[in-house]
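Please read the structure below before turning to the comments.
As the structure lists them, so they are numbered: ligands from 1, and atoms in each ligand from 1.
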Amino acid sequence: MNRSDDSFIVHRTRPLNAEPTPTALMSGFFTPQHLFYIRSHGDTPELPADHEVRLSGLVTSPLRFSLERLRREFPKRKVIATLQCAGNRRAEMQDVRQTSGDPWRIGAVGTAEWTGVALADVLAKAGIDETRARHVAFRCADVVDIDGEIAPYEVSISVERAMAGDVLVAWALNGEDLDPAHGAPMRIIVPGYAGARSAKWLLEIDVRDAPSDSPVQARDYKLFPPSVARQDANWDEGVTIEQMPVTSAICLPRPDEPIPPGRTTVKGYAMAYGRKVARVDVSTDGGRSWRQAGLMSERTTAAWTLWALDVDLPAGRHELVVKAVDEAGQSQPECLEGIWNFAGYLATAWHRVIVDVG
Ligand SMILES: Nc1nc2c(c(=O)[nH]1)N[C@H]1C(S)=C(S)[C@@H](COP(=O)(O)O)O[C@H]1N2
Ligand SMILES: [Mo]
């Protein structure tokens, strides 16, 4: 691995699961591939360069395509989108009560310009059976263990989402070919959806009348209320996590690095699904008073907005807080208690950082 260790927090080495430090995450609007978080359920499969993806199911003409054929036969598309794991910020939720899963901090998120072709174009070429097709499943080359059930990684999205032009069969991230860890040679990118739907190491696309019944789709990435324990979960009642709710985080300053009294820039990211971030509110007194941060990048519905605010901090201990508001006026919950869930998903409460000044 060519990742410089002090900019990466490694949660597990086999399979590799790691995120950039908050400082590294703030290196720019685009997250370089070598700093992009890696969330893998199983070992990285090695696929040959001429690997072919099969497309079958409820289509008129099943087809197979290599990366080379994809590039040759379909128009190239570039999409700027943020990918975020549903488990981002789980560590904070685990401070409320234990959950399953790795303790991701605020870095299970990254933004890239993805290059590929529109899944819609590929599906159109195969011809979808419009009366019966409802879901599109992505089977992958890695084998995963979900609660003891061992099966290929497989997820699905609705046909409507799959046919929107922004869902890609992608081969590059910020202009670089995908690294093996990020799904080489071809992966799916579903902008705005939980990272789990953006299938890596794509093997097969299956057009179906029902969602995938694989363990990842049927049991993983489902949201339950705080009162439900894993052993009591009725999986059919869980909410399938797709669109990611409005969220934000403070990346700088860091809680573990004391800062001198005076002017400090508070910086971080914010995003909302399907709507733009309208406003980012920052507090330096634990949420009693708020100021509006400046938004540092052009706002889009698919990518994060970086924000910054200069504040004057006297010597002492301060609690910095951030919350984002989207264009519908929707914001983040104040605390995690009410949204705690046994798998630790969607930890989108106000983000708090305690800093020591002086
Ligand atoms: N085949 C496969 N695809 C996968 C995964 C996986 O383990 N196997 N993990 C998913 C999850 S949970 C996330 S958050 C994203 C992470 O993508 P990245 O590792 O490129 O950041 O990939 C998704 N696609
Ligand atoms: Mo994820």
Ion pair present between Asp102 and Arg12, side-chain N to carboxylate O less than 4.0 angstrom?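 The answer is yes: the pair qualifies as a salt bridge.
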Residues in contact with ligand 1, criterion: heavy atom under 4.0 Å: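 Near ligand 1, by chain and number: Phe36, Tyr37, Ile38, Arg39, Ser40, His41, Leu83, Cys85, Cys140, Asp142, Tyr153, His182, Arg187, Gly195, Ala196, Ser198, Ala199, Lys200, Trp201, Tyr221.
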Identify each donor-acceptor pair in which a side-chain atom of residues 259-275 lies under 3.5 Å from a protein atom, sequence neighbours left out, and give them as a table.
residue, atom, partner, partner atom, Å
Thr265, OG1, Asp310, OD1, 2.6
Tyr269, OH, Asn88, ND2, 3.1
Tyr269, OH, Ile106, O, 2.7

Do any pairs count as a salt bridge (Lys or Arg N to Asp or Glu O under 4.0 Å) and have a residue in residues 339-358, sequence neighbours left out, and if so which ones?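 Counting only pairs at least two positions apart or across chains, the salt bridge (Lys or Arg N to Asp or Glu O under 4.0 Å) contacts touching residues 339-358 are Arg317-Asp356, Glu319-Arg352.
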Looking only at the aromatic ring of each residue, does the gap between the centers of Trp201 and Trp171 stay below 6.0 angstrom?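 They do not qualify: ring centres at least 6.0 Å apart.
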Please tabulate, for side-chain N and O atoms in residues 209-217, each donor-acceptor pair with protein atoms closer than 3.5 Å (sequence neighbours left out).
residue, atom, partner, partner atom, Å
Ser212, OG, Glu154, OE2, 2.7
Ser212, OG, Ser214, N, 3.1
Ser212, OG, Ser214, OG, 3.1
Ser214, OG, Glu154, O, 2.6
Ser214, OG, Gln217, N, 3.3
Gln217, OE1, Ser156, N, 2.8
Gln217, OE1, Arg197, NH1, 2.8

Are any side-chain N or O atoms of Arg89 and backbone N or O atoms of Ala349, one a donor and one an acceptor, separated by less than 3.5 Å?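 Confirmed, Arg89 side chain pairs with Ala349 backbone.
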